[in-house]
A.B. asks: 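Take this structure first; my questions come after.
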Amino acid sequence: MQKKLVKILIIFTGTVILLTIISRIGASFAVPTVSVSKPKRMKIAHRVESEGEVAAGFRRPVFLDEGLFVERIMALEGEKVSEGQKILKLDKEKTQKQLKELEYEYDQLILQIKTAKSEAQAERNRHGTTVKNSRKQLNLALDSTDREVKQAKDDMKQARKEYDKALKSSKEKKEEPALPDSKGENDAKDESEENPDTGTDAGDTDKENPVNGNGDKENPDVGEDSADSGGNGLKELEREKKEAERSYYDTLAKREEQVLSAQSALEDASVPLAVNTSAEQLDIQKSMTGDKIEQIKEYIKNGYCVHSPAGGIVDEVLLSVGELSPATASFIIADVREDFKIVVYEDVEKGKYISRGTEVNIKGRLENSEFNEYQGKVHSVRKIEKEGEECLEITVYLPPDIFSLSSYVSLSFEDYSENYDCCIPVSAFNQDDKGDFVYVTDTKQTVLGDELSARKVYVEILDRNNEYAAVAPGPVTDDMDVIITSGREIEEGNRVRKE
């Protein structure tokens, strides 16, 4: 019996263990499988892919004298030329005709220069004479008006002096007391006695001429005539004095007006002449015409041919047979001794990490179809407007022996950020209304053993590329396991198991 109970217990225990194993296996298939990664300290690499055309770094323009008739073009675009090689031939007859016209123009310019210089000298002489005459008129005005003012001032002083003298004399006469005349009184008495009528008349006279303030009798026949005569003389002198003063001040005003007028005329005449550059301008034209004559003579000496001023590759031909040479460049020659360049244009946001010195990998094929690669650096980056939109113009220089001119190459720009303490693969990031977040694993102790669950952690992204993103330190630490992939969608709190 005891053996039977032991046997049953063993069977029961085995069954429980078996069922537990089966349950755990089934549960494990229901739990999402995830892969995890710990945050890394690293730099974020930024790569921008682009394409561009290899162009000449230094393009030398070739100018011809304007108006030369082109008979034949002897160098085509893309053709390699050496220094002194013939690149153009001019029409013989038309070139000779143009030379004669230029020589005639040169002679005419010499005559025009002589005329211009003569006219300029005559104008300077006229200006000098005008200034001299104006200064002379001013001096004459000063001298003549000074004399007039002096005479008027002397006349005024004399009139004032005579008036003051007469006024003083008149006041003295009025203030002098009347002395009694005994002889006169006696004569008058005797006459009165002898001529009673006269006495009566005298009495009448006394009545008509009362005694003045000094006790004297006023004499209307003598006193009034004397007073009238003295007053009229004084008034006349006063009038002459005022007239002399008025004449003096009028003379001063006249002097000021005449002097100011003469000074104004002198100032106007003294204005410097405008710079006359007619002769100089004609001389410049003569010099340019002379240079054209010498250049055409050089063309004629070389068999009416134009030679390349430097070796290189003909990048552009800017004129055609049968046309006149333009005032602008006729040829553009790429100097193969200088570095070539590649210019590409990128969106501002896309190229924000590209700057001077950023490394760039250039790949392309040579003329023989062989593949070639070059590692260089960005020479310059500038913001421009192209076709109405803002973009970045990126220039890269490279040696002339790497790729051929006008070949298309691919460019890969790569720049690195600063070191970030917490960098996570971009596949780990999710987003909801609150922002960016990642899932990390938490370990829980259960009856059946350790279990892993997913926990949501919100983060702030500082920088990123296509592979990694740098987040602000704090919420995620370097000892956490960050879920970067999952077999199926998970939510916070879900059980997970590592691969």
Side-chain angles (χ1 to χ4, degrees), residues 53-120 275-341 367 400 404-406:
E53 182 182 3
V54 178
F58 179 74
R59 303 166 76 234
R60 184 189 300 274
V62 179
F63 292 91
L64 302 180
D65 290 317
E66 185 180 3
L68 297 175
F69 193 84
V70 179
E71 182 180 89
R72 183 156 59 99
I73 296 174
M74 306 172 72
L76 304 178
E77 290 184 5
E79 183 177 341
K80 189 173 183 179
V81 295
S82 58
E83 184 177 353
Q85 181 177 330
K86 296 177 182 178
I87 57 175
L88 184 77
K89 187 171 184 179
L90 304 174
D91 183 272
K92 180 178 179 179
E93 294 181 359
K94 294 182 179 180
T95 302
Q96 289 179 343
K97 180 180 179 182
Q98 188 177 30
L99 176 60
K100 291 181 180 179
E101 291 174 352
L102 288 172
E103 289 175 340
Y104 175 77
E105 181 182 347
Y106 186 85
D107 294 338
Q108 291 296 313
L109 287 169
I110 292 176
L111 297 176
Q112 292 175 20
I113 290 171
K114 291 181 179 179
T115 302
K117 288 182 177 179
S118 176
E119 291 176 351
V275 179
N276 189 340
T277 61
S278 299
E280 287 78 2
Q281 293 177 9
L282 291 169
D283 193 58
I284 292 172
Q285 294 181 29
K286 180 175 78 72
S287 178
M288 293 174 63
T289 303
D291 291 342
K292 288 181 180 180
I293 291 172
E294 294 302 318
Q295 185 61 66
I296 290 179
K297 286 181 178 180
E298 185 69 21
Y299 293 150
I300 295 174
K301 180 181 177 181
N302 295 328
Y304 298 90
C305 290
V306 178
H307 297 79
S308 175
I313 296 175
V314 179
D315 199 23
E316 290 184 74
V317 178
L318 303 173
L319 75 174
S320 303
V321 173
E323 293 182 353
L324 297 178
S325 57
T328 56
S330 298
F331 291 85
I332 301 293
I333 297 179
D335 194 339
V336 294
R337 296 170 299 180
E338 303 288 339
D339 285 347
F340 287 172
K341 69 178 179 179
E367 292 180 350
S404 58
L405 279 176
S406 303

A.B. asks: Any idea which heavy atoms bring Ala56 and Lys341 closest together, and the distance?
C.D. replies: O-CE, 3.6 Å

A.B. asks: For the backbone of Leu319 and the side chain of Ser330, can you confirm whether one donor and one acceptor N or O come within less than 3.5 Å of each other?
C.D. replies: no

A.B. asks: Quick one: side chain to side chain contact (heavy atoms under 4.5 Å, CB included) partners of Ser308, sequence neighbours excluded?
C.D. replies: Val81, Ile87, Ile333

A.B. asks: Can you list everything that forms a side chain to side chain contact (heavy atoms under 4.5 Å, CB included) with Lys97? Sequence neighbours excluded, please.
C.D. replies: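 Result, side chain to side chain contact (heavy atoms under 4.5 Å, CB included) vs Lys97: Glu101.
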
A.B. asks: List the residues meeting side chain to side chain contact (heavy atoms under 4.5 Å, CB included) with Glu83, not counting sequence neighbours, and say none if there are none.
C.D. replies: none

A.B. asks: Would you call Phe69 and Leu324 a side-chain contact if the rule is heavy atoms closer than 4.5 Å?
C.D. replies: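 Answer yes - side chains close enough.
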
A.B. asks: Can you name the residues that form a side chain to side chain contact (heavy atoms under 4.5 Å, CB included) with Phe58, not counting sequence neighbours?
C.D. replies: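 Scan of Phe58 (side chain to side chain contact (heavy atoms under 4.5 Å, CB included), adjacent residues dropped) gives Arg60, Asp335, Glu338.
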
A.B. asks: Write out all pairs satisfying salt bridge (Lys or Arg N to Asp or Glu O under 4.0 Å) with one or both partners inside residues 61-77, taking only residues at least two apart or from two chains.
C.D. replies: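 Those involving residues 61-77 do not exist here.
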
A.B. asks: Give the minimum heavy-atom separation between Asn276 and Ala120, together with the two atoms involved.
C.D. replies: ND2-CB, 4.0 Å

A.B. asks: In Å and rounded to the nearest 0.5 Å, what is the CG to CG distance from Leu68 to Leu90?
C.D. replies: 5.5 Å

A.B. asks: How far does OG of Ser325 sit from CZ of Phe63, to the nearest 0.5 angstrom?
C.D. replies: 12.0 Å

A.B. asks: Can I get a per-line list of side-chain donor-acceptor pairs under 3.5 Å for residues 294-307, giving both atom names and the distance, sequence neighbours left out?
C.D. replies:
| from | atom 1 | to | atom 2 | distance (Å) |
| --- | --- | --- | --- | --- |
| Asn302 | ND2 | Glu298 | O | 3.2 |
| Tyr304 | OH | Gln96 | NE2 | 2.8 |

A.B. asks: Provide the closest heavy-atom pair for Ala279 versus Ile113 in the form atom of the first, atom of the second, distance.
C.D. replies: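 So the minimum-distance heavy-atom pair works out to O-CG1, 4.2 Å.
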
A.B. asks: Rounded to the nearest 0.5 Å, how far apart are CE of Met288 and NZ of Lys292?
C.D. replies: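 Reported value, rounded in 0.5 Å steps: 5.5 Å.
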
A.B. asks: Pairs in or reaching into residues 306-330: which pass salt bridge (Lys or Arg N to Asp or Glu O under 4.0 Å), with residues at least two apart or in two chains?
C.D. replies: Arg59-Asp315, Arg59-Glu316

A.B. asks: Could I get the full list of side chain to side chain donor-acceptor pair (under 3.5 Å) partners for Thr95, not counting sequence neighbours?
C.D. replies: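 For Thr95, no residue satisfies side chain to side chain donor-acceptor pair (under 3.5 Å) once neighbours in sequence are set aside.
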
A.B. asks: Write down the atom of Ala75, the atom of Val314, and the distance for their closest heavy-atom approach.
C.D. replies: CB-CG2, 4.0 Å

A.B. asks: Quick test of your reading: applying side chain to side chain donor-acceptor pair (under 3.5 Å), list the pairs with at least one residue in residues 279-291, sequence neighbours left out, ordered by first then second residue.
C.D. replies: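 Side chain to side chain donor-acceptor pair (under 3.5 Å) check on residues 279-291 returns Thr277-Gln281.
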
A.B. asks: Just list the side-chain donor-acceptor pairs under 3.5 Å for residues 105-112, sequence neighbours left out, or say none.
C.D. replies:
| from | atom 1 | to | atom 2 | distance (Å) |
| --- | --- | --- | --- | --- |
| Gln108 | NE2 | Tyr104 | OH | 3.4 |

